[in-house]
Colleague: 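Handing you this structure, nothing more for now.
The figures that follow rest on heavy atoms only: side chains count, while hydrogens, waters and symmetry mates do not. The first residue in the sequence is number 1, and the count goes up from there.
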Amino acid sequence: MKNFEKYTRQYFEAPAAAMKWTQKSCIDKAPQWCSVDLRDGNQALIIPMSLEEKLEFFEMLVKIGFKEIEIGFPAASETEYEFCRTLIENNLIPDDVTIQVLTQSREHIIAKTFEALKGCKNAIVHLYNSTSVAQREQVFRKSKEEIIDIAVYGAKLCREYREKTEGNFRFEYSPESFTGTEPDFALEICNAVLGIWQPTPEDKVIINLPVTVSVSMPHVYANQVEYMCDNLKYRENVIVSLHPHNDRGCAVADSEMGLLAGADRIEGTLFGNGERTGNVDIVTLALNMYSQGVDPELDFTNMSEICELYTRVTRMNVYERQPYSGQLVFAAFSGSHQDAIAKGMKWREEKKCEHWTVPYLPLDPTDIGRVYEADVIRINSQSGKGGIGYILETKFGFNLPKKMREQLGYKVKSVSDHKHQELMPDEVYRIFEESYVDIVSPLNITGTHFVQHNGIEATVSLEYNGRKAAATDNGNGRLDAVSNAVQSYTGARYTINTYTEHALEVGSTSKAVSYVEIIGENGASYWGTGIDTDIVTSSIKALVSAVNNMLSVQ
């Protein structure tokens, strides 16, 4: 591409990065979570949420398990102020939940913020100012010392207003645009603020390190986080928080590596909604931990309900391929994938596996409220016999022989290919039923009578091409005797190659299912299925269906 020369690196590597975090291979406990859906997420919406919608969203976040929820910027608008007061005055904030509000380092804004929080049981006042080279030079046109003065001034005001306002308040500071700030300067300004607030074990302070704009690879950010964690004053009384944005598509990686580097807390949004390309997707981040055997301490067991409410009140969509939450993330259309999943599920059942290791599925869809039949095996022209067989077995109770599944697979794929659309399970069953189950034309057997004579002698009452007749013949078993009687009367020539049966496990425990494969004189294979309360009758129905399939071709 042209003009690449005009771009350059806008980040600063941490001095003498020890990279201790690279020695860790996993996150072993959940961080403190803070949802910023109602502030950062809301301000990024084309149509911001109404008061009623915000209240509904807040209730959902509490239900999911968030203990810290940033609710807005009370001094920014009357709507934001009203939302804050509504939560407090109507006692809508549970005792174990802390609301968080944002404020700039300006006295009238800080004053309005504390006015909005009056009487709040638990709140975090989040102070910020921009610190990056670009912001200092281009926006504020101030020196480093002047930028520090802004932060210190705001920190002092927050302390003063806390002392004269009813409520329980903690503090958070963000050097906004941290990733474009020299690490030593970011450390200097954070330590200056900490010097004003003097955190203690009973009154810890949050230092938030936002990826306001993502400008580097995740390992660079992790080194910056590690540098801050190693050098912040009062570290034992400081909660290091991360607030990654997703400009480079690395917000989840930034968060995971930042946690390995020593961070304690994550600020993000459900499904990653936020300015530009969004914030870190807390659903993805939490379920990444969950899939590694770590309790995220958030409840996403009803993902469909969460997606529905989110979509309705934000007017945003959850992308179909969004990790874990998208409608298609567990869907397997590929025949080889479907076969592997089906075999993996059977393996789990047979071995009574303690741990989840099913191919292609990083977690059990049922753990987040999805169902296998609707969400995992999806049938289209790319599907194979394994997926089609899995649908028929799990949803309808038919365990087709392997070769029959293959033959049915071609029929189903052909229908999907011609329709240019996915087929639902009921459509797959209809194709199976119409192709193989209890076919009674041009041949139908209406009655059978057996006697023990030269093996088994069968007399069958039949209809063939509209004519009623009876035929008698012998065989080494009942099905063989009926088959010989059919061949002697119709003149059809074939051999029975496969016969299997089982109880119908879905819908009825009193019916038997039989599958019969016959091989015609031309070497072609024809299948039939019979269903009946009597196993002999079901096997005869399967034979008749297979013969009719052969006769229809001939």
Colleague: Check Y227 against P183 and note the closest heavy-atom contact, atom names and distance.
Modeller: CE2-O, 3.5 Å
Colleague: May I ask you to test the V329-Y319 pair for a side-chain heavy-atom distance under 4.5 Å?
Modeller: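 Heavy-atom side-chain distance check fails, nothing below 4.5 Å.
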Colleague: So how far is it from L363 CG to S291 OG, rounded to the nearest 0.5 Å?
Modeller: 6.0 Å
Colleague: Would E53 and R315 pass as an ion pair if we require N to O under 4.0 Å?
Modeller: yes
Colleague: How close do T212 and F178 get, heavy atom to heavy atom, and via which atoms?
Modeller: OG1-N, 4.2 Å
Colleague: May I ask you to check whether Y310 and F271 place their ring centres under 6.0 Å from each other?
Modeller: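 Yes, the ring of F271 comes within the 6.0 Å limit of the ring of Y310, centre to centre.
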Colleague: Can you give me the closest heavy-atom contact between S105 and Y153, atom names plus distance?
Modeller: O-CD2, 3.9 Å
Colleague: Could you tell me whether the side chain of L260 reaches within less than 4.5 Å of the side chain of I27, counting heavy atoms only?
Modeller: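 When only atoms from C-beta onward are counted, L260 and I27 do touch, with a gap below 4.5 Å.
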Colleague: Does C229 reach the side chain of R235, with side-chain heavy atoms less than 4.5 Å apart?
Modeller: yes
Colleague: Side chains of Y234 and Q198: donor-acceptor distance under 3.5 Å anywhere?
Modeller: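 Note: Y234 and Q198 side chains meet the donor-acceptor criterion.
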Colleague: Please tell me if the side chains of Q32 and I239 come closer than 4.5 Å, counting only heavy atoms from C-beta onward.
Modeller: yes
Colleague: Could you tell me which non-hydrogen atom of P199 sits nearest to which non-hydrogen atom of V238, and how far apart they are?
Modeller: CG-CG2, 4.3 Å
Colleague: Taking 4.0 angstrom as the limit, do R170 and E202 come out as a salt bridge?
Modeller: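 Not counted as a salt bridge, because no side-chain N and carboxylate O are separated by less than 4.0 Å.
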Colleague: Under a 4.0 Å N-O cut-off, is there an ion pair linking K144 with D184?
Modeller: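 Not counted as a salt bridge, because no side-chain N and carboxylate O are separated by less than 4.0 Å.
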Colleague: Looking at M19, I want to see if its CE is surrounded by more than 12 non-hydrogen atoms of other residues, nucleotides or ligands under 6.0 Å.
Modeller: yes
Colleague: Roughly how far, to the nearest 0.5 Å, is the OG atom of S214 from the OH atom of Y11?
Modeller: 11.0 Å
Colleague: Answer yes or no: is there an ion pair linking E172 with K204, defined by an N-O contact shorter than 4.0 Å?
Modeller: no
Colleague: Give a yes or no on whether a salt bridge exists between D230 and K20, defined as a side-chain N under 4.0 angstrom from a carboxylate O.
Modeller: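 Yes.
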Colleague: If you measure from CD1 on I93 to OG1 on T86, what distance do you get to the nearest 0.5 Å?
Modeller: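 Atom-to-atom, I93:CD1 and T86:OG1 are 10.5 Å apart.
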Colleague: Is E308 salt-bridged to R312, going by a charged N under 4.0 Å from an acidic O?
Modeller: yes
Colleague: State plainly whether the residues K67 and E297 are in salt-bridge range, i.e. N to O under 4.0 Å.
Modeller: no
Colleague: Check whether any side-chain heavy atom of R276 lies under 4.5 Å from a side-chain heavy atom of V213, and answer yes or no.
Modeller: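 Answer yes - side chains close enough.
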Colleague: What's the spacing between I109 CD1 and F114 CZ if we round to 0.5 Å?
Modeller: 13.5 Å
Colleague: Should E256 and K24 count as an ion pair when the cut-off is N to O under 4.0 Å?
Modeller: no
Colleague: For a side-chain hydrogen bond (donor to acceptor under 3.5 Å, both in side chains) with S130, tell me which candidate from K142, E176, R136, Q104 qualifies.
Modeller: E176
Colleague: Is the shortest side-chain heavy-atom distance between H126 and S174 below 4.5 Å?
Modeller: yes
Colleague: To check you understand the geometry: which heavy-atom pair defines the closest contact between C158 and I110, and what is its length?
Modeller: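 Closest approach of C158 to I110, heavy atoms only: SG-CD1, 4.2 Å.
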Colleague: Under 6.0 Å between the ring centres of W33 and F66?
Modeller: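 No.
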Colleague: Does N246 use its side chain to pair, donor to acceptor, with the backbone of V280 at less than 3.5 Å?
Modeller: no
Colleague: Under 3.5 Å, is there a donor-acceptor pair between the side chain of Q138 and the main chain of Q135?
Modeller: no
Colleague: Checking T301 against I368 for the side-chain contact (heavy atoms from CB on, under 4.5 Å) test, could you report, in this order, the C-alpha distance in whole Å, the side-chain angles of both residues, the deciding distance, and whether it holds?
Modeller: CA-CA 4 Å; T301 53; I368 58 171; over 6 Å; no
Colleague: Please determine whether a side-chain nitrogen of the Lys or Arg among D203 and R162 lies less than 4.0 Å from a carboxylate oxygen of the Asp or Glu.
Modeller: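 Looking at R162 together with D203, the answer is yes, because their closest N to O distance falls below 4.0 Å.
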Colleague: Counting only heavy atoms not in R248 (residues, nucleotides, ligands), do more than 12 fall under 6.0 Å from its CZ?
Modeller: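 Yes - once you tally the heavy atoms of other residues, nucleotides and ligands closer than 6.0 Å, there are more than 12.
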Colleague: Is there side-chain contact between L187 and M228, with heavy atoms separated by less than 4.5 Å?
Modeller: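 In contact.
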Colleague: Can a donor-acceptor pair be found between the side chains of W356 and D367 at a distance below 3.5 Å?
Modeller: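 Judged by distance alone, the side chains do not pair up.
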Colleague: Using a strict 4.0 Å threshold on nitrogen-to-oxygen distance, state whether R39 and E267 make a salt bridge.
Modeller: no
Colleague: Looking only at non-hydrogen atoms, find the nearest pair between K54 and N42 and report the distance.
Modeller: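 Answer, listing the atom of K54 first, then N42: CE-ND2, 3.4 Å.
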Colleague: Answer with yes or no after comparing the ring centroid distance for Y290 and Y324 against a 6.0 Å cut-off, counting only values under it.
Modeller: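 No - the distance between ring centres of Y290 and Y324 does not fall below the 6.0 Å cut-off.
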Colleague: Output the distance between atom CG (L209) and atom CG (L232), rounded to the nearest 0.5 Å.
Modeller: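 One finds 7.0 Å between CG of L209 and CG of L232.
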Colleague: How many angstroms lie between atom OG of S77 and atom CZ of F83, to the nearest 0.5 angstrom?
Modeller: 11.5 Å
Colleague: Should the heavy atoms of other residues, nucleotides or ligands under 6.0 Å from NZ of K121 be counted, would the total exceed 12?
Modeller: yes
Colleague: Under 4.5 Å between any side-chain heavy atoms of V133 and F12, yes or no?
Modeller: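 The answer is yes; the side chains approach within 4.5 Å.
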